[in-house]
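Read through the structure below, which is laid out as structure tokens, and then see the notes.
Whatever order the structure lists them in is the order used to number ligands and atoms, beginning at 1. Hydrogens, waters and symmetry mates are skipped; everything else that's a heavy atom, side chains included, is used.
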Amino acid sequence: MASIIWRVEHFGEIDSTNTWLVARAKEDAPEGLVAYADFQSAGRGRLDRQWESPAGASLLCSILLRPHVEPDDLQLVVACVALSARAALVRLCGVRPMLKWPNDLVVGDAKIAGLLAEIVTGGDGLAVVGGIGVNLTNGGPPDVLATSVLEQSGVTITPVALLDILLDELEIRRPKLDTVEGRAELRDEYHRALATIGQLVRVELLQGAVNGVATSVDGSGRLVLDVDGAMMTLSAGDVVHVRSHGGGAA
Ligand code: BTN
């Protein structure tokens with residue numbers, strides 16, 4: 001694919017950058033449209049949760065992608081954005097978070113960033129709005145164990161500086177979504193970066209909780225669990241790391 005032309009819109013305050021960008025995607029906005037805000041009055045997290053952050057304390061951004069993938073590959077698109085954010089943090093301040101399936105970046109057990117990916121179908125094929133909140137100077141929502149870039153590195157980085165490098169990293173990974181070989185490379189990078197692999201996990205599903213050992217991710221980024229010897233593949237769910245398989249607290 002030709003290199004992506006990023007068009008970045010900045011908002012001092014907005015309800016939610018994801019809500020704004022989903023509306024633009026429905027109007028057939030091209031891939032590469034990006035929204036970021038200093039403050040969101042109605043920021044949204046996964047599973048209808050709120051996402052709150054004081055003004056300027058986080059990178060709050062959403063990125064419109066139009067990869068040539070099936071809706072089943074959504075988790076791979078999430079991985080593409082999450083891995084790019086991780087690489088950007090390494091480059092800017094030496095913080096190397098691990099990924100927690102399905103949508104978090106963590107340092108140890110503490111969340112440093114979260115993603116909300118939303119699919120928009122119709123019009124010009126499949127569109128994915130990848131929203132990401134990265135805690136820069138503040139630990140994020142009070143109800144989760146969280147950390148920030150400042151706490152981990154002592155470095156204060158601005159939202160726009162992180163966004164700039166994140167888009168740079170995304171430019172490396174995004175074309176991989178369009179080919180079989182590229183998707184396999186992304187899947188492998190994802191597998192290596194996932195703290196979830198090898199953990200005994202509890203997965204909260206709509207129909208109840210499942211306990212098992214996370215053994216792998218498949219080619220679409222779905223989590224493969226060993227549940228008492230039976231393999232189960234999950235495309236969604238809230239994951240709690242219970243402990244490393246084989247002992248020790250996670
Ligand atoms: C989660 O961990 O539950 C996902 C959080 C995603 C938050 C980001 S902040 C920018 C974008 N706009 C939103 O309303 N949500 C995402």
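Protein heavy atom in closest approach to atom 10 (C) of ligand 1: Thr17 OG1, 3.3 Å. Of all protein heavy atoms, the one lying nearest to atom 12 (N) of ligand 1 is Gln40 OE1, 2.9 Å. The protein heavy-atom contact nearest to atom 5 (C) of ligand 1 is Trp51 CE3, 3.3 Å. Scanning all protein heavy atoms for the shortest distance to atom 4 (C) of ligand 1 gives Leu115 O, 3.3 Å.
Atoms of ligand 1 lying under 4.0 Å from any heavy atom of Ser16, numbered from 1 in the order shown and given with element: 12 (N), 13 (C), 14 (O). Annotation for ligand 1: atoms under 4.0 Å from non-hydrogen atoms of Cys61 are 10 (C), 11 (C). For ligand 1, the atoms sitting less than 4.0 Å from at least one non-hydrogen atom of Arg44 are 6 (C), 7 (C), 13 (C), 14 (O), 15 (N), 16 (C), numbered in the order shown with element in parentheses. Ligand 1 places these atoms under 4.0 Å from at least one heavy atom of Gly45: 1 (C), 3 (O), 4 (C), 5 (C). Near Arg46, the atoms of ligand 1 lying under 4.0 angstrom from a non-hydrogen atom of the residue are 1 (C), 3 (O), 4 (C). The distance from ligand 1 to the heavy atoms of Gly43 drops below 4.0 Å at these ligand atoms: 14 (O).
For the pair Leu167/Ile63, a side-chain contact is recorded, criterion being any heavy-atom separation below 4.5 Å from C-beta on.
At a 4.0 Å heavy-atom cut-off, ligand 1 does not touch Thr19 at all. Here Ile132 has backbone heavy atoms under 4.0 Å from ligand 1, and that is the only part of it that gets that close. Residue contacts with ligand 1 for Ser58 are absent, since no atom lies close enough (heavy atoms, distance under 4.0 Å).
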**Item:** Verdict with supporting geometry, Val69 and Val128, side chain to side chain contact (heavy atoms under 4.5 Å, CB included)
**Value:** CA-CA 10 Å; Val69 296; Val128 179; 5.6 Å; no

**Message:** Please determine whether side chain to side chain contact (heavy atoms under 4.5 Å, CB included) holds for the pair Arg44 and Glu118, giving the CA-CA distance in whole Å, both sets of side-chain angles, and the decisive distance to 0.1 Å.
**Reply:** CA-CA 11 Å; Arg44 296 188 287 113; Glu118 298 181 278; 2.9 Å; yes

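For the 3.5 Å distance criterion, the side chains of Asp73 and Ser220 qualify, holding a donor opposite an acceptor. For the residue pair Arg187 and Ser216, a side-chain donor N or O sits within less than 3.5 Å of a side-chain acceptor on the partner. Looking only at atom types and distance, the side chain of Gln40 has a donor-acceptor partner in the side chain of Thr17 under 3.5 Å away.
Note that CG of Asn138 is 11.0 Å distant from CD of Glu52, once rounded to the nearest 0.5 Å.
Heavy-atom neighbours of Arg91 CZ from other residues, nucleotides or ligands within 6.0 Å: above the threshold of 12.
Remark: Arg49 is not positioned above the aromatic ring of Trp51, lacking an NZ or CZ atom under 6.0 angstrom from the ring centre and at most 45 degrees off the axis.
With atom 2 (O) of ligand 1 as the reference point, the heavy atom nearest to it among Lys100, Gln50, Lys111, Arg49 is part of Lys111.
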